Amino acid sequence: MPELPEVQTITSDLNKYLKNAVIKSVEIEKGYKLFELAPKRLKLFKFSLGKVKAQPNNEFFIKKVLDQRIVSVSRIAKNISFELANDFHILIHLAMTGQLLLRKPEHPKDKFQRVVITFNKNGCYHLRFCDMRMFGKMVLISKKDLSKFMEKYGYDALNVDLTPEIFLKALKSKRTAVKNALLDQKKISGIGNIYATDALFLSGIHPEVSTKSLDLKKAEILLNNIRLVLNEGIKNRGSTLNDKMYVDVFGKPGNHQNYFRVYGKKTCAVCKNSVQFKKINGRGTYFCLICQPFA
DNA sequence: ATGTTTGTTCCGAT
DNA sequence: CATCGGAACAAACA
């Protein structure tokens with residue numbers, strides 16, 4: 001579920017609460033394998049790490065993280081990275097339905113709980129990795145491999161080094177509908193379906209307009225609106241849809257769903273005309289034909 | 001029963 | 001060979 005604002009909310013809370021905490025135990029739900037589910041899933045892991053080989057098994061993971069101190073928690077695109085005091089990072093991607101919950105050990109078992117890491121800092125805490133659909137991943141990666149892993153991502157949408165010129169060039173390197181380019185993490189990272197939809201609406205750009213038709217002025221407007229909705233999303237602690245799958249580390253839903261511009265809407269808040277809904281590249285897309293003319 | 005879902009990768013067509 | 005779009009991954013809900 002999470003896009004950049006949701007991952008950022010989780011990451012900054014975890015950094016606040018787990019920085020310098022020490023991992024005292026790791027429990028993996030019976031049948032849940034960090035890297036070795038079905039053969040197909042193993043393949044998925046390998047590819048998702050690029051040329052980097054995933055570590056072979058749960059035991060290796062546990063051995064390497066036990067008694068390690070968390071140096072810091074940070075966000076890489078939509079991944080959460082736990083820097084350990086040794087040579088490794090724990091990398092977590094929540095995909096569609098992943099959750100990270102900070103719990104007291106006595107708190108009742110959470111639904112779809114897959115991995116429980118116990119930390120020792122100001123008492124004893126659980127970090128529970130829950131994932132209903134199991135598209136998420138949790139892997140151990142060496143510092144050297146992490147830099148290789150990061151190469152597969154384009155500029156983070158909130159990176160101040162990303163200028164309108166670079167942004168435009170990145171979009172144009174893909175000859176496709178502008179919305180598809182925005183969702184391509186290799187070009188620009190962090191943007192997901194909801195925030196892309198709202199940013200295009202604010203920019204008056206039809207989602208199916210070709211990247212070829214963009215000019216620097218439009219790119220600058222779009223980039224500013226992307227940052228506007230992402231920063232708003234962070235301020236509002238993320239978006240929680242009706243399925244309630246996104247919650248923060250305390251189990252609380254976000255508020256940004258109350259501030260969507262066009263996503264999930266029936267009528268346009270600006271011109272009152274009916275909002276269009278269309279699947280673009282398999283992703284539900286909302287737009288207003290009056291405010292976002294296809295031209 | 002069918003269609004829907006915040007993400008990413010695989011695979012076939014071009 | 002590079003690139004794009006659709007399918008697949010899996011589970012719950014309406």
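Since the structure is predicted, the reported quantities are computational estimates derived from the model, not experimental observations.
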Q: Give me the one residue out of Lys109(A), Arg128(A), Arg114(A) that meets salt bridge (charged side-chain N to carboxylate O under 4.0 Å, His left out) with Glu29(A).
A: Lys109(A)
Q: Could you check whether Arg237(A) and Asn255(A), counting side-chain N and O atoms only, form a donor-acceptor pair closer than 3.5 Å?
A: no
Q: Give each protein N/O atom lying under 3.5 Å from an N/O atom of nucleotides 11-14 of chain C, with the pair distance.
A:
none

Q: Relative to Tyr125(A), does Lys104(A) satisfy both conditions: NZ or CZ under 6.0 angstrom from the six-membered ring centre, and within 45 degrees of the ring's axis?
A: yes
Q: May I ask you to decide whether Lys218(A) forms a salt bridge with Asp215(A), counting only side-chain N to carboxylate O separations under 4.0 Å?
A: no
Q: So, do Phe135(A) and dT8(B) meet the stacking rule of ring centres under 5.5 Å and planes under 30°?
A: no
Q: What is the nucleic acid contact for Phe277(A), judged by heavy atoms within less than 4.0 Å: base, sugar-phosphate only, or nothing?
A: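 Sugar-phosphate only.
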Q: Rounding to the closest angstrom, what is the interatomic distance between dC11(B) and dA10(C) at atom P?
A: 14 Å
Q: Base, sugar-phosphate, or nothing for Lys186(A), non-hydrogen atoms under 4.0 angstrom?
A: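 It contacts nothing in the nucleic acid.
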Q: At under 4.0 Å between heavy atoms, what does Gly192(A) touch on the DNA or RNA strands: base, sugar-phosphate, or nothing?
A: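 If one applies the 4.0 Å heavy-atom cut-off, Gly192(A) turns out to touch the sugar-phosphate alone, with no base involved.
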Q: Taking any heavy-atom pair under 4.0 Å as a contact, classify Asn242(A): base, sugar-phosphate, or nothing.
A: nothing
Q: Regarding Asp131(A) and Lys137(A), does a basic nitrogen lie under 4.0 Å from an acidic carboxylate oxygen?
A: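 No salt bridge links Asp131(A) with Lys137(A).
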